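Single-structure report; data block below.
Computed from a prediction, not measured in an experiment: that's the story for all the values here.
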Amino acid sequence: MALFFITGGARSGKSSYAQDRAHQCSEKNGLPVVYVATATAGDPEMADRIARHKYARPTHWSTMEEPDDPARILGSLTTPTIVIVDCLALLLSNWMLRELSDTGIAERQSAFVS
């Protein structure tokens, strides 16, 4: 198993880079790709960004929208799969906006990384 953690500033091309890497790995290894999206369309600008991201992904990739509990999706995968979780900053923001306690955030974080 390989794990890539891609960081960078807002709108710096992280998603595009991750998609390019996933595409290369998928082509090389014949593995499916699951794109776990944590963004929610809270305003028209974000809705437009989400639409552009969806358009940029190959249609044969699975997209699962999960703004709160990506660990649930990751735990349900039973075969080798390439997974992109986009975006961890939004995921943390989602948790904070839901006013989870520090303990609640720590529990979700633990579930996500294990």
Could you check whether any side-chain heavy atom of [X] comes within less than 4.5 Å of a side-chain heavy atom of [Y], counting everything from C-beta outward?
X	Y	value
S15	H53	yes
Q24	E27	no
I105	L92	yes

Distance (rounded to the nearest 0.5 Å) between [X] [atom1] and [Y] [atom2]:
X	Y	atom1	atom2	result
L77	I82	CG	CD1	12.0 Å
E66	Y35	CD	OH	14.5 Å
K54	E65	NZ	CD	4.0 Å
D69	T38	CG	OG1	12.0 Å
S16	I6	OG	CD1	10.5 Å

Exercise: identify the closest heavy-atom pair between [X] and [Y]:
X	Y	answer
V33	A22	CG2-O, 4.1 Å
M46	A39	CE-CB, 4.0 Å
T40	P67	CG2-CB, 3.5 Å

Kindly say whether [Y] contributes a backbone atom to a donor-acceptor pair with the side chain of [X] at under 3.5 angstrom?
X	Y	value
S93	A89	yes
R98	N94	yes
S26	P32	no

Once you measure the plane-to-plane angle for W61 and H23, does it fall in the parallel (<30°), tilted (30-60°) or perpendicular (>60°) bin?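 Tilted: the ring planes of W61 and H23 meet at 30° to 60°.
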
Quick test of your reading of the model: are D68 and R108 salt-bridged, counting only N-O distances below 4.0 Å?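 So D68 pairs with R108 through a salt bridge.
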
